[in-house]
Trainee: 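Just dropping this structure here.
Naming: A, B, ... by sequence-line order, numbering from 1 per chain.
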There are 2 protein chains.
Amino acid sequence: MNEEQLSYDVYDDRCPTRDVLARLADKWALLVLGRLEREPLRFNHLKREIGGITQKVLTQTLRRLERDGFVSREVYATVPVTVEYSLTPLGKTLTKTVTILARWVEDNMDSILQAQTNFDNGCRTVMPG
Amino acid sequence: MNEEQLSYDVYDDRCPTRDVLARLADKWALLVLGRLEREPLRFNHLKREIGGITQKVLTQTLRRLERDGFVSREVYATVPVTVEYSLTPLGKTLTKTVTILARWVEDNMDSILQAQTNFDNGCRTVMPG
DNA sequence: CGGCATCCCGAGGGATACTG
DNA sequence: CAGTATCCCTCGGGATGCCG
């Protein structure tokens with residue numbers, strides 16, 4: 001019983017893993033995790049590095065990631081307060097996968113653009129030789 | 001110039017890779033891709049296997065995945081028409097990563113639940129010993 | 001069976017203003 | 001600097017009905 005045989009299943013919509021997957025399957029969450037893999041960063045630094053993210057969304061994203069135990073929030077009582085975000089050990093094991101996904105998209109973008117063009121031209125069946 | 005040096009960057013919000021990442025960073029898209037890795041499936045079969053997905057959303061998701069060149073749609077002119085979805089070669093290279101993410105969540109769910117409990121109890125700093 | 005069309009609602013997220 | 005608090009509005013996605 002201690003072993004996980006009939007344990008978690010993301011394909012079951014009542015499984016709690018579904019919620020976690022939904023939070024990870026988020027553009028902003030993936031970008032934040034990917035960026036934190038390299039090094040811990042302060043709030044505004046993180047905001048500047050992630051093009052197009054707003055302050056509100058970054059805060060929300062960081063809170064969720066913190067709640068799930070992927071990100072750690074460290075407050076330093078400097079003159080203007082400094083807050084540094086970093087990956088937890090759990091979060092580090094996760095980012096291996098996350099960054100791979102982002103890299104994959106970048107590496108295969110040309111193929112994707114080609115596919116989009118074909119699709120948009122009505123060529124939805126297999127190309128001729 | 002033909003080489004990709006200053007090529008694509010998902011952290012640039014004007015980069016086309018950002019849109020693709022956003023479509024992949026989607027709960028339903030990940031589940032569909034993950035399920036298709038095992039075998040090609042018909043529409044309603046796919047719908048039954050993915051708990052909680054509606055017909056509309058599944059259709060949308062499949063169209064996007066098809067447009068980006070990850071999924072192939074095959075129509076068979078049987079009596080009630082049969083439509084089979086499968087991964088393209090490009091899609092197959094992608095799912096390696098996708099399924100890892102789903103598996104990761106399932107494997108680490110216990111740690112995540114623990115982290116959530118700590119967070120919700122106001123214990124947002126490092127645990128003692 | 002495998003969709004498309006329509007209506008509709010609630011959450012997500014942008015913009016803006018304010019605070020410790 | 002690192003947020004919180006509102007307003008507001010889009011749009012994702014559920015429900016339902018119809019079609020080839």
Trainee: Decide, yes or no, whether a salt bridge links A:D12 with A:R18 under the criterion of side-chain N to carboxylate O below 4.0 Å.
Mentor: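 Not counted as a salt bridge, because no side-chain N and carboxylate O are separated by less than 4.0 Å.
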Trainee: In whole angstrom, what separates A:D13's CG from D:dG14's P?
Mentor: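 A:D13 atom CG is separated from D:dG14 atom P by 10 Å.
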Trainee: Given D:dG13, C:dG20, D:dA5, which nucleotide is nearest the side-chain atoms of A:V81?
Mentor: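 Of D:dG13, C:dG20, D:dA5, C:dG20 is nearest to the side chain of A:V81.
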Trainee: Check B:R35 with B:E49, please: is the shortest side-chain N to carboxylate O separation under 4.0 Å?
Mentor: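 Counted as a salt bridge, because a side-chain N and a carboxylate O are separated by less than 4.0 Å.
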Trainee: I want to check one thing: is the phosphate of D:dG14, taken as OP1 and OP2, less than 4.0 Å away from some side-chain N or O of B:T54?
Mentor: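 Answer is yes, contact under 4.0 Å.
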Trainee: For C:dC1, take OP1 and OP2 only and decide whether either is under 4.0 Å from a side-chain N or O of B:R42.
Mentor: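 Negative; the distance criterion is not met.
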Trainee: Whole Å only: how far is the CD atom of B:Q60 from the P atom of C:dC4?
Mentor: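 These atoms are roughly 10 Å apart.
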Trainee: Can you tell which of C:dG14, D:dT4, D:dG13 lies closest to the side chain of A:R63?
Mentor: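 Closest of the options to the side chain of A:R63: D:dT4.
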Trainee: Nearest-Å distance, CD (A:E84) to C1' (D:dG3)?
Mentor: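 Distance check: A:E84 CD to D:dG3 C1' gives 17 Å.
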Trainee: At under 4.0 Å, does any side-chain N or O of B:Y85 touch on OP1 or OP2 of C:dG3?
Mentor: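 For C:dG3, OP1/OP2 do have a side-chain N/O of B:Y85 under 4.0 Å.
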Trainee: Within the 4.5 Å heavy-atom criterion, are A:T17 and B:I112 side-chain neighbours or not?
Mentor: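 Of all side-chain heavy-atom pairs linking B:I112 with A:T17, none is under 4.5 Å.
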Trainee: C:dT6, D:dT4, C:dG14: which one has an atom nearest the side-chain heavy atoms of B:K56?
Mentor: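 Of C:dT6, D:dT4, C:dG14, C:dT6 is nearest to the side chain of B:K56.
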Trainee: Nearest whole angstrom, please: distance from the P of C:dG2 to the CD1 of B:I50.
Mentor: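 Checked: the CD1 to P distance equals 14 Å.
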Trainee: Separation of A:L62 atom CG from D:dA2 atom C1', in whole Å?
Mentor: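 In whole Å, D:dA2 C1' and A:L62 CG are 11 Å from each other.
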Trainee: Using atom CH2 of B:W28 as one end and atom P of D:dG12 as the other, report the distance to the nearest whole Å.
Mentor: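 Atom-to-atom, B:W28 to D:dG12, this comes out as 15 Å.
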Trainee: Within the structure, does a side-chain N or O atom of A:R73 lie under 4.0 Å from either OP1 or OP2 of D:dA2?
Mentor: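 Negative; the distance criterion is not met.
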Trainee: Among D:dG13, D:dA2, D:dG3, which nucleotide sits nearest the side chain of A:T82?
Mentor: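 My answer, after comparing the listed nucleotides, is D:dA2.
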Trainee: If you only use heavy atoms from C-beta on, which nucleotide in C:dC4, D:dG14, D:dT4 is closest to the side chain of B:Q55?
Mentor: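 The closest nucleotide is C:dC4.
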Trainee: What's the closest nucleotide to the B:V83 side chain, out of D:dG3, C:dG3, D:dG14?
Mentor: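 Taking heavy atoms from C-beta onward, the closest nucleotide is C:dG3.
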Trainee: Can you tell me how far the CG atom of A:L36 sits from the CZ atom of A:F70, to the nearest 0.5 Å?
Mentor: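 The CG atom of A:L36 sits 13.0 Å away from the CZ atom of A:F70.
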Trainee: Between the main-chain N or O of A:S72 and the side-chain N or O of A:Y85, is there a donor-acceptor pair closer than 3.5 Å?
Mentor: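 Checked: no pair found.
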Trainee: Could you check B:V57 against A:R48 and say which one's nearest nucleotide on DNA chain D is further toward the 5' end?
Mentor: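 Here A:R48 is the residue nearer the 5' end.
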Trainee: Without decimals, in angstroms, what is the distance between A:L58 CG and C:dA15 P?
Mentor: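 Whole-Å distance recorded here is 15 Å.
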Trainee: Please report the distance, rounded to the nearest Å, between CZ in B:F43 and P in C:dC1.
Mentor: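 B:F43 atom CZ is separated from C:dC1 atom P by 11 Å.
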